[in-house]
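As the structure is a computational prediction, the values presented were derived from the model and not from experiment. Note on naming: letters A, B, ... go to the chains in the order of the sequence lines (proteins, then strands), and numbering restarts at 1 for each one.
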There are 2 protein chains.
Amino acid sequence: MYSRRMTTPERLIEATRELLWERGYVGTSPKAVQRLAGAGQGSMYHHFRGKPDLALAAIRRTAEEMRAAAARVLDGDGSAYARIEAYLLRERDVLRGCPVGRLTMDPDVVASDTLRAPVDETLDWLRGRLAALVREGVEGGEFDGALDPGRTAATVVATLQGGYVLARASGSAAAFDTAIAGLLELLRARRVGAATDLSRTE
Amino acid sequence: MYSRRMTTPERLIEATRELLWERGYVGTSPKAVQRLAGAGQGSMYHHFRGKPDLALAAIRRTAEEMRAAAARVLDGDGSAYARIEAYLLRERDVLRGCPVGRLTMDPDVVASDTLRAPVDETLDWLRGRLAALVREGVEGGEFDGALDPGRTAATVVATLQGGYVLARASGSAAAFDTAIAGLLELLRARRVGAATDLSRTE
DNA sequence: GTCTATACTAAGATAGAC
DNA sequence: GTCTATCTTAGTATAGAC
């Protein structure tokens, strides 16, 4: 239960964020949200029109936080490769999955353009940001000129999202780490002057 | 509604498979299954102990079919790269997602070792099969010797699974195709004698 | 703003007739 | 094997008092 020092709408949004991450949209009931938020039925319907409205507020906030967290790493110091690596290797609660990506498996989210929009925008933003970084690396002579920024960025985001799938299937973060390590090896081989025989170096 | 020429348990399993794919475990109710299968309440509980029991039968069958379909391509003709490419580019109903992978986003499936087992085994099998193929390519001199089979295989499966996430987020199969294309470019660059400047060649 | 009452449908299952 | 009846709890609200 969330601190009473948050306003009721705040607590409702935070509770919804947590439940959406854990159980998805379909698996999250208004009743469960109210319980976790410590708010009554009437209170929830006073501040939000209903489940979709509340979920939209929660999804928007989660999406925004994810973008901010990614930007902190991707806009950091170091070479293009180093920043991509830092992003992929940063601390994650792997077994919980991605709070944004998981929503794409929710039929009701995908069926609603409104609920899907923040999800789409966030993954698209990430893809764009990574593509710009790869392009920077190519133009700066760090990556080989044949590396396609847009396609490479899509592959990076997909591997990340799929890594969560593998981890959750096996019940262990190891599969995620392995997939990411494999991707990084493939990327390192595209650095100019890369000795492929050294690509085993972790 | 399924043909009456199938037995009732058959129709129940097929209906469950379809609904699990579409709406996940949490979003699939016994009532909806019965409606789609054209079977009564009592009928369903006569043949299956309940929702988890029926879901297990459905998941097992879906997992088996997925393995068989993958094996048909991966055990085919051609070089290691060619077979991996054929598998990644084969016809898919991208926007529906992977009927096995999507289950990892289902809290009740992940919470049950029994329901999770077929999912885990299938993705693990796929990873192993791809790893063997990469190893074959390395040992046959097709791929560069520094390419790690296990890690590469994990990356391939993850990119595939994540490709579905991107496609469903954007409502279009294009993002999936782009991610796969990016992965194939990265893989092609590891073929022995690969001219990276030609790696743009699709 | 928050609470309680009320409503109606669905989820998930058991019992027993046929 | 299948059907109908019944049960209990949850889902998703609306109405109106406080």
Can you tell me which residue pairs pass the ring-ring contact (aromatic ring centres under 6.0 Å, His included) test with a partner in residues 115-141 of chain A, sequence neighbours excluded?
none
Other residues, nucleotides, ligands: >12 heavy atoms within 6.0 Å of B/Arg60 CZ:
no
Short heteroatom pairs, N/O only, protein and nucleotides 13-18 of chain D, under 3.5 Å:
| residue | atom | partner | partner atom | Å |
| --- | --- | --- | --- | --- |
| D/dA13 | OP2 | A/Lys51 | N | 3.2 |
| D/dA13 | O5' | A/Tyr45 | OH | 2.8 |
| D/dA13 | N7 | A/Gln41 | NE2 | 2.7 |
| D/dA13 | N6 | A/Gln41 | NE2 | 2.7 |

D/dT4 C1' sits how many Å from B/Gln34 CD, rounded?
13 Å
Send over the distance from A/Phe48 CZ to C/dT2 C1', rounded to a whole Å.
15 Å
Please list all pairs passing the ring-ring contact (aromatic ring centres under 6.0 Å, His included) test where one or both residues lie in residues 126-184 of chain A, with sequence neighbours left out.
A/Tyr164-A/Phe176
Sorted by chain and residue number, the side chain to side chain contact (heavy atoms under 4.5 Å, CB included) partners of B/Thr16 (sequence neighbours excluded) come out as B/Leu20, B/Val33, B/Leu54, B/Ala58
Residues of residues 6-17 of chain A with a heavy atom under 4.0 Å from any atom of DNA chain D, listed by number, are none
Return the angle between end axes of the helix from C/dG1-D/dC18 to C/dC18-D/dG1, with five pairs used per end and rounding to 10°.
0°
A/His46 has an atom NE2; how far is it from atom P of C/dT4, in whole Å?
16 Å
Heavy-atom count check: over 12 atoms from other residues, nucleotides or ligands less than 6.0 Å from A/Asp77 CG?
no
Listing, residues 37-49 of chain B side-chain donor-acceptor contacts under 3.5 Å, not counting sequence neighbours, or none:
| residue | atom | partner | partner atom | Å |
| --- | --- | --- | --- | --- |
| B/Gln41 | OE1 | B/Gln34 | NE2 | 2.9 |

Sorted by chain and residue number, the side-chain hydrogen bond (donor to acceptor under 3.5 Å, both in side chains) partners of B/Glu139 (sequence neighbours excluded) come out as none
Report the residues that fulfil side chain to side chain contact (heavy atoms under 4.5 Å, CB included) with A/Ser3, sequence neighbours left out, ordered by chain and then residue number.
A/Arg5
Taking the side chain of A/His47 as its heavy atoms from C-beta onward, which of C/dT2, D/dG11, C/dA11 lies nearest to it?
C/dT2
Kindly write out the residues that satisfy side chain to side chain contact (heavy atoms under 4.5 Å, CB included) with A/Glu85, not counting sequence neighbours, or none if the list is empty.
A/Tyr81, A/Leu89, A/Leu184, A/Arg188
To the nearest Å, how far apart are B/Asp53 CG and C/dG12 P?
15 Å
Could you tell me the separation between the NZ atom of B/Lys31 and the C1' atom of C/dA10, rounded to a whole number of Å?
6 Å
Only pairs under 3.5 Å count here: list side-chain donor-acceptor contacts from residues 22-29 of chain A, not counting sequence neighbours, and write none if there are none.
| residue | atom | partner | partner atom | Å |
| --- | --- | --- | --- | --- |
| A/Arg23 | NE | A/Gly27 | O | 3.1 |
| A/Arg23 | NH1 | B/Asp108 | OD1 | 3.3 |
| A/Thr28 | OG1 | A/Leu19 | O | 3.2 |
| A/Thr28 | OG1 | A/Gly24 | O | 2.6 |
| A/Ser29 | OG | A/Ala32 | N | 3.1 |

Enumerate, atom names and distances included, each donor-acceptor pair closer than 3.5 Å involving a side-chain atom of residues 64-73 of chain A, sequence neighbours excluded.
| residue | atom | partner | partner atom | Å |
| --- | --- | --- | --- | --- |
| A/Glu65 | OE1 | A/Arg17 | NH2 | 3.3 |
| A/Glu65 | OE2 | A/Arg17 | NH2 | 3.4 |
| A/Arg67 | NH1 | A/Thr122 | OG1 | 2.8 |

